Amino acid sequence: MDKLTGIGPRASKKLASSGIHSVADLLLHVPRRYLDRSQLFDLAAVPLGEEVTVGGTVLSVVQRRISKGRMMTTAAIGDETTVMSAVWFNPYIKIKEGEELLLSGTVERFRGSLQMKSPDIDRLENGESLVTGRVVPVHPSLAGLTPYKLRSTIANALARSQPIGEVLPEEMLDRLDLMDRATAFQNIHFPSAVEHAASARRRLVFDELFRLELSLALRKHAQQALATGVRHNPGGPTVDTFTTALPYTLTGAQERSITEIQTDMASPNPMHRLLQGEVGSGKTVVAVAALLTAVQSGFQGAVMAPTEVLAEQHYFGTVALLESAGLKPPLITPSGDAGTESLFQSAPDAGVGGVRVALLTGNRASTNFVAGTVRRADVVAWIADGTVDVAVGTHALIQDSLSFAKLGLAVVDEQHRFGVYQRVQLRDKADGYVPDLLIMTATPIPRTLAMTLYGDLDVSVLDEMPPGRMPVRTELVPKTDAALSEMHSAVRCAVANGRQVFVVCPLVEDSDKLQAASATAEHQRLSSVFSELSVGLLHGQMRPDDKEVVMAQFKRGQLDVLVATTVIEVGIDIPNAAVMIIEDADRFGLSQLHQLRGRVGRGEHASVCFLVADPSTPEGKRRLAAMVKTTDGFELAEMDLSIRGQGTVFGTRQAGAKDLKLADILRDAETLISARREAFAIVADDPSLSGAPAMREELEVFLGEDAEWLVRS
Ligand code: ADP
Ligand code: MG
């Protein structure tokens, strides 16, 4: 850490433990608000009900305990014009008589006199030189420093870091109406007018987002322009046969996505594309069209999913689609009996247009269907010698011992996980060239997040659901006898009409066992509530065989109600299920609620989702309100981001994203868009940044070891 004048080693250590390791960190510790002393109101003239700051002297203080552990502090505050009262319920309030305070909050009239409830308190030390101006910065407290000490430490750091260098060209600053960096740092900490602080913040936010986008633009350039890819043939017979034979017409979004993907695949540069589409939006067809594009060009395709269940689903989904298109792969069905038969009914070249698909999951041969009928070692050998056209699997696909004869397209299904997974490793399964990469996600990603987390990818969006879906109506059900019994009647009515019902049990923290116990209890309770119906139970602690039996019964309609844990969150497709009940819904996250609701409304029946809850937290209330308001996954994703905050989303290691200190990708969306436009334009023009050495040097410093892909000169 650079020496900070006026700060001893002890304070330095304290700062370090608060995450401040350098002068730069300190400079980025920006005020959370500004007090404008020229805007201070006389108490007698204060407008009621508005956010204001007032100054006054503490005339008297009373603290008393109210109920258990709650402390009420009441103070009389006076200035030359009148007296008001201030009241706090925070046990840590420490004020004394005679003190001068600035209080920020709203003033109300309470029992005839003025009152401020739980105002923020700021103190000004007498004779403090930094705040002789009319604007007082209020920095978030840090390492126990007094506000005055903090302000002077920052002022010091600011003085010592001069001159602060500029990396953006003058022309760009003018065009985007951005102030220079040195002025921005001065103005965000010690503005002479509050408006200057806002423009300063915009400039510093731009810096962060610009660096992030620049790193993404460079990475994209390195991945695409500089690498040798595969020139796939998009116009072959296999894909045409497939699409014309589909039992339905593709949606516009599917057609557009397939065209985008094929255009990328035909180009000599490797594809690097994200396919976004909610559960049920029809991603499988798009992925299969892409896989067949690779196959008809003489290459192999691979599909990697995060879990065995999902891998199996992809496998069966792909095989079913190929069969329906008459591209029936010469496969033995998984239920095939003999253990010695080969994967294929005849020689690998059987059947014109036949596409050979294999499933490769865990290591134990008995854990998956295909390995149940053939030896795992054979599947591995057929992937290596090119007999297998499309390999579907889990992480088993990226283990070192597995090689592909000619991998042309890697499809990675990330489901609803954000972040960089093993996608790149799968692409590394080719020698001497870079295969095309298609990443699929079922989580709608807010546009701003896509520009940051997935910003080096091109994006195709399936924003149109296949026709015939009925929207799901969502209702809040408070836990009152009346509301619950009305919901139970709705269940009986749906079952009488031939429909089926899911009940998702309350979320129990971090324990599958407790979760299973709660599901079992709920199953018992509901079995007596609905004594005339057949009620099944499904949870994660059941034996796999038992789970399958229950699922099969539900599928066949032998169960009316299925009480389940969140095991049903992904991948369950029962078009006859038209009622979803989520118990204690306020405990679930928004994306989980959205996924759960996605289990109904999959057939032609009108469906309803009941959210049973007496939400106790503001976030819980906001989530439920959001669910009732919309079924649009993108809108929910944005709300989720604003409720949770971007910090939780940027959990995974992602170059650049972790240094977003000031930027808020929702609030600063416009700045993000302009930063992205500028960064990509610069890299398109000058991919080695040779014309902007300062910019380049700064990026290297910020990215550290993440800069390895940066174009070397
Ligand atoms: P996703 O993988 O995006 O969750 P799927 O690919 O499983 O969605 O498709 C969901 C359902 O919609 C499947 O039953 C599929 O057959 C059907 N489907 C897909 N595309 C269409 C379409 N264009 N028209 C009608 N049904 C479609
Ligand atoms: Mg290509």
Side-chain angles (χ1 to χ4, degrees), residues 1-4 20-30 154 156-190 196-197 199-223 225-226 451-452 455-456 654-663 665 668 670-713:
M1 179 165 176
D2 297 352
K3 277 255 157 25
L4 294 170
I20 304 291
H21 302 286
S22 65
V23 171
D25 288 341
L26 204 48
L27 293 188
L28 287 170
H29 187 73
V30 302
I154 289 173
N156 229 314
L158 200 52
R160 288 173 45 81
S161 14
Q162 302 299 339
I164 293 177
E166 181 56 76
V167 296
L168 301 182
E170 186 101 28
E171 171 278 322
M172 190 162 144
L173 295 181
D174 285 348
R175 188 159 40 82
L176 301 178
D177 192 22
L178 293 170
M179 59 175 72
D180 70 81
R181 198 184 263 180
T183 313
F185 273 111
Q186 179 63 41
N187 276 323
I188 200 161
H189 289 289
F190 305 107
H196 297 167
S199 348
R201 184 178 173 281
R202 189 167 73 85
R203 163 62 209 256
L204 298 177
V205 163
F206 184 89
D207 271 4
E208 288 183 353
L209 295 171
F210 179 73
R211 274 196 297 271
L212 173 63
E213 292 302 328
L214 200 56
S215 74
L216 291 166
L218 287 167
R219 183 195 316 212
K220 183 168 175 184
H221 179 79
Q223 275 164 344
L226 297 181
M451 279 185 204
T452 45
D456 55 335
Q654 175 82 8
K658 60 176 183 283
D659 2 278
L660 297 186
K661 295 218 166 70
L662 306 186
I665 60 170
D668 299 316
E670 264 176 47
T671 310
L672 172 59
I673 291 165
S674 82
R676 182 174 177 81
R677 195 181 322 114
E678 297 295 327
F680 276 73
I682 287 177
V683 171
D685 243 29
D686 177 13
S688 62
L689 300 184
S690 53
M695 198 183 282
R696 185 195 153 108
E697 195 177 309
E698 177 169 292
L699 198 62
E700 280 172 355
V701 169
F702 267 85
L703 293 174
E705 63 196 55
D706 290 328
E708 92 268 345
W709 40 262
L710 220 143
V711 190
R712 288 161 199 95
S713 45

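The model shown is predicted, which means the values in this text are computed figures rather than measured ones.
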At what distance, to the nearest 0.5 angstrom, does CG of L209 lie from OG of S674?
8.5 Å
So, taking the atom named CG in L204 and the one named CG in L178, what distance separates them when rounded to the nearest 0.5 Å?
10.0 Å
Contact between R696 and V167 at the side-chain level, heavy atoms closer than 4.5 Å - yes or no?
no
Who pairs with A200 by side-chain contact (heavy atoms from CB on, under 4.5 Å), at least two apart in sequence or on another chain?
M179, A184, N187, I188
Go through it in stages, so that I can follow the logic: the residues are E208 and R202, the test is salt bridge (Lys or Arg N to Asp or Glu O under 4.0 Å), and I'd like the CA-CA distance, side-chain angles, deciding distance and then a yes or no.
CA-CA 10 Å; E208 288 183 353; R202 189 167 73 85; over 6 Å; no
Got a donor-acceptor contact below 3.5 angstrom from the H189 side chain to the V30 backbone?
no
Side chain to side chain contact (heavy atoms under 4.5 Å, CB included) assessment of L672 paired with F206
CA-CA 7 Å; L672 172 59; F206 184 89; over 6 Å; no
What is the distance from atom CD1 of I154 to atom CG of L158, rounded to the nearest 0.5 Å?
9.0 Å
For residues L173 and R203, determine if any side-chain heavy atom of one lies less than 4.5 Å from a side-chain heavy atom of the other.
yes
Write down the atom of A663, the atom of V205, and the distance for their closest heavy-atom approach.
CB-CG1, 3.8 Å
Quick one, S215 and L218 - any side-chain contact, counting heavy atoms below 4.5 Å?
no
So L168 and D207, do their side chains get closer than 4.5 Å, heavy atoms only?
yes
Answer yes or no: does atom CD of E171 have more than 12 heavy-atom neighbours from other residues, nucleotides or ligands under 6.0 Å?
yes
Counterpart residues, salt bridge (Lys or Arg N to Asp or Glu O under 4.0 Å), relative to R201 (two or more places apart):
D668
List in chain and number order the residues that pass side-chain hydrogen bond (donor to acceptor under 3.5 Å, both in side chains) with H29, two or more places apart in sequence or in another chain; answer none if no residue qualifies.
none
Inter- and intrachain pairs under salt bridge (charged side-chain N to carboxylate O under 4.0 Å, His left out), touching residues 675-689, at least two apart:
R175-E678, E213-R676
Output for pair (E166 CD, M695 CE), nearest 0.5 Å, gives 9.0 Å
Partner residues of A217 under the side-chain contact (heavy atoms from CB on, under 4.5 Å) criterion, sequence neighbours left out
F680, V683
Can you list everything that forms a side-chain contact (heavy atoms from CB on, under 4.5 Å) with A182? Sequence neighbours excluded, please.
Q162, I164, D180
Could you work out, with side-chain contact (heavy atoms from CB on, under 4.5 Å) as the rule, every residue matching P693, not counting sequence neighbours?
none
Would you compute the distance between atom CD1 of I20 and atom CG of L28 and round it to the nearest 0.5 angstrom?
8.5 Å
So, taking the atom named CG in L27 and the one named OG in S161, what distance separates them when rounded to the nearest 0.5 Å?
4.5 Å
Name all residues meeting the salt bridge (Lys or Arg N to Asp or Glu O under 4.0 Å) criterion together with E698; count only those two or more places apart in sequence or in a different chain, and write none if there are none.
R181, R211
Could you work out, with ring-ring contact (aromatic ring centres under 6.0 Å, His included) as the rule, every residue matching F185, not counting sequence neighbours?
none
